[in-house]
Amino acid sequence: MSAQHERRLLLGAYLSYGTGHHPAAWRLPGTPADGAQSPAHYMRLAQTAERGRFDFMFLSDTPSVFQDDREGYGARVAVFEPLTLLSALAMHTQHLGLVATASTTYEHPYKLAREFASLDHLSGGRAGWNVVTSSKAIAAHNFGFAAHPDHAERYRRAEEAFKVVTGLWDSWDDDALPRDKASGVFYRPDRCHPIHHEGEFYRVRGPLNISRSPQGYPLLVQAGSSDAGRDLAARTAEVVFTAQPEIAPAVEFRRDLLERAARYQRLNPHIHVMPGLCPFIGKTDEEAQAKLRTLNSLVHPRFAVQMLSDLVGGFDLSGCDLDKPMPPLPPSNGNRSRRELIERISDGGRRTLREVCDKMIIARGHCVFVGSYRSVAEQIAAWFEAGACDGFNIMPPSLPGCLDEFVDGVVPELQRLGLVQREYRPGTLRDKLGLRRPVPRR
């Protein structure tokens, strides 16, 4: 572990869907149904997360409609493009990290490098890139692909794209643009370095047409938990977002990832592992349980099956008997780690399809805690102390209410336990997390 790495609980605010992570949250009276496309709503959420001393705000993304819902029950069909949204929110926050998901399968690395460097400049060094290969097979048809590239190809493309993006971030030295009015020298050509990349998927000359950003590289986040995903994270990631519904597998996942990372020469040896956590909270355990029951009662049964069909790789389960075991599934070219998680939850066919739906519909396989503010804080502390995580990416079931409650109810309990920061460190997002700034490679 790096001497710079401080063992404290990190908090991310996973706010992608505007209305909350429970699929029925948009139906609650206090939730703005158009929240996913309301700038004012997102501004309030970001400022609430900053008030709660969250380390960063996290936006997932897929370059397609999130779910192909043929009956119109799903609310995750119209959302902001994340980098555009975070650029606006940078103007209304001071300390909160701004992490956006972008796909190496469907985005060109030059465009990625330019956009994230721009966000890092706009925010004063608070940008982060969640590197994904895209799990949604339907995205292929939005970009002229005949089919979603297979898993192995997506990860080869990701490796090359990462090399190109970071090379472009290194293409200007920190002192490359003196902008000296007296001499008339705006930039120093000897401090500018085209990358001349030629690979399997890309040919990119460079240099990037924006100067080196405040962090050198934005914070590097990775969200794959498959074997290939873990290897990519071990080489490249500084934060890993993962779905781990139980503590024992979470401990093993983190142990395995840190062991893999130790095999590589890394600027920042430690990886912050942050499972997703969907907390149903209240002043009492009973109040929290009632909130979960209310939300579950608002989910249409057919929609639950459609959602599970999407999560297992786009296979239609609508004709299956809900009270029989989930049928064997053909191979999937989608999200391999989520598919494995669902198969684990089905317990070898011992759980019915209805039971699997009930488990997955709440938070798509992420960890769920239900209880009072103190109870949930203590469960968070137990995971942290057991080595299951370095923090959590908090997935409020509904918004804005559950984020407000978490900040006002759970965060003070975590601060009382000495786990969560009371004030932000100065500097960039890397400075706040105790991470070294990359120096340009030559």
Side-chain angles (χ1 to χ4, degrees), residues 14-33 35-36 60 66-77 243-246 275-312 316-318 320-326 338 341-347 350-373 375-376 379-380 392-406 409-410:
Y14 185 177
L15 304 176
S16 298
Y17 306 117
T19 57
H21 282 270
H22 194 286
W26 68 275
R27 300 182 65 186
L28 293 176
T31 298
S60 62
F66 183 80
Q67 186 166 349
D68 187 13
D69 170 19
R70 295 177 296 280
E71 298 186 72
Y73 297 118
R76 296 167 187 166
V77 295
Q244 301 292 335
E246 297 172 346
L277 169 60
C278 192
F280 291 83
I281 53 179
K283 294 176 183 176
T284 64
D285 291 347
E286 293 74 19
E287 182 182 319
Q289 290 158 1
K291 290 176 182 177
L292 176 56
R293 287 194 300 271
T294 296
L295 277 168
N296 284 351
S297 72
L298 296 173
V299 179
H300 195 288
R302 288 202 298 273
F303 176 69
V305 175
Q306 287 177 13
M307 189 171 180
L308 187 64
S309 298
D310 178 72
L311 289 169
V312 297
D316 187 4
L317 299 170
S318 60
C320 301
D321 189 331
L322 282 172
D323 295 310
K324 290 185 177 178
M326 189 171 74
R338 193 58 50 87
L341 175 61
I342 292 168
E343 290 174 339
R344 193 163 73 238
I345 287 171
S346 73
D347 196 18
R350 282 181 282 274
R351 281 199 172 110
T352 66
L353 184 58
R354 188 187 305 277
E355 289 172 323
V356 176
C357 280
D358 288 346
K359 290 279 286 185
M360 291 300 297
I361 196 71
I362 299 172
R364 306 183 307 285
H366 289 280
C367 182
V368 176
F369 292 162
V370 185
S372 67
Y373 307 143
S375 168
V376 166
Q379 291 176 76
I380 289 172
F392 283 101
N393 215 1
I394 302 301
M395 305 165 56
S398 65
L399 291 167
C402 289
L403 181 62
D404 291 337
E405 274 198 285
F406 192 90
V410 179

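- A distance-only check finds a donor-acceptor pair linking the side chain of S16 to the backbone of S60 [under 3.5 Å].
- Taking OG1 of T352 as the start and CG of D321 as the end, the distance is 9.0 Å to the nearest 0.5 Å.
- Using a 4.5 Å heavy-atom threshold, the side chains of P400 and P32 count as touching.
- How far CD of E355 is from CG of D323: 8.5 Å, rounded to the nearest 0.5 Å.
- Contact annotation: the side chain of P23 approaches that of R76 to within less than 4.5 Å [non-hydrogen atoms, C-beta and beyond].
- Taken from NE2 in H21 to CD1 in I394, the straight-line distance is 10.0 Å, to the nearest 0.5 Å.
- In this structure, E246 places its CD atom where only 12 or fewer heavy-atom neighbours from other residues, nucleotides or ligands lie under 6.0 Å away.
- Between F369 and F392, the angle of the ring planes goes over 60°, which puts this pair in the perpendicular group of the 30/60° scheme.
- Considering only heavy atoms from C-beta on, Q244 stays 4.5 Å or farther from H366 through its side chain.
- When all heavy atoms of G365 and M360 are compared, the pair lying nearest together is N-CE, 3.5 Å.
- Taken from CE in M326 to CG in L317, the straight-line distance is 7.0 Å, to the nearest 0.5 Å.
- With rounding to the nearest 0.5 Å, the separation of SG in C278 from CG in N393 is 11.5 Å.
- Contact record, G282 with A288: N-CB, 3.8 Å, taken as the closest heavy-atom pair.
- Taking all atoms of both residues into account, the shortest heavy-atom contact from G74 to V77 is O-CG1, 4.0 Å.
- Judged purely by distance below 3.5 Å, without hydrogens or angles, the side chains of H22 and N296 pair a donor atom with an acceptor atom.
- With values rounded to the nearest 0.5 angstrom, T31 atom OG1 is found 8.0 Å from L295 atom CG.
- For K291 and E286, the salt-bridge test fails: no basic side-chain N is under 4.0 Å from an acidic carboxylate O.
- What you find for K283 and S372 is that their closest heavy atoms are O-CB, 3.7 Å.
- Side-chain atoms of D285 do not come within 3.5 Å of backbone N or O of G371 as any donor-acceptor pair.
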**Message:** Under the criterion side-chain contact (heavy atoms from CB on, under 4.5 Å), I'd like the reasoning laid out for Q289 against F280: C-alpha separation, chi angles, the key distance, then a yes or no.
**Reply:** CA-CA 7 Å; Q289 290 158 1; F280 291 83; over 6 Å; no
**Asked** Checking side-chain contact (heavy atoms from CB on, under 4.5 Å) for the pair L298/L28: CA distance, chi angles, key distance, verdict?
**Response** CA-CA 9 Å; L298 296 173; L28 293 176; 4.0 Å; yes
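- The aromatic rings of Y14 and Y17 sit tilted relative to each other, their planes meeting at an angle between 30° and 60°.
- Here the side chains of L403 and S398 are not in contact, with every heavy-atom distance at 4.5 Å or above.
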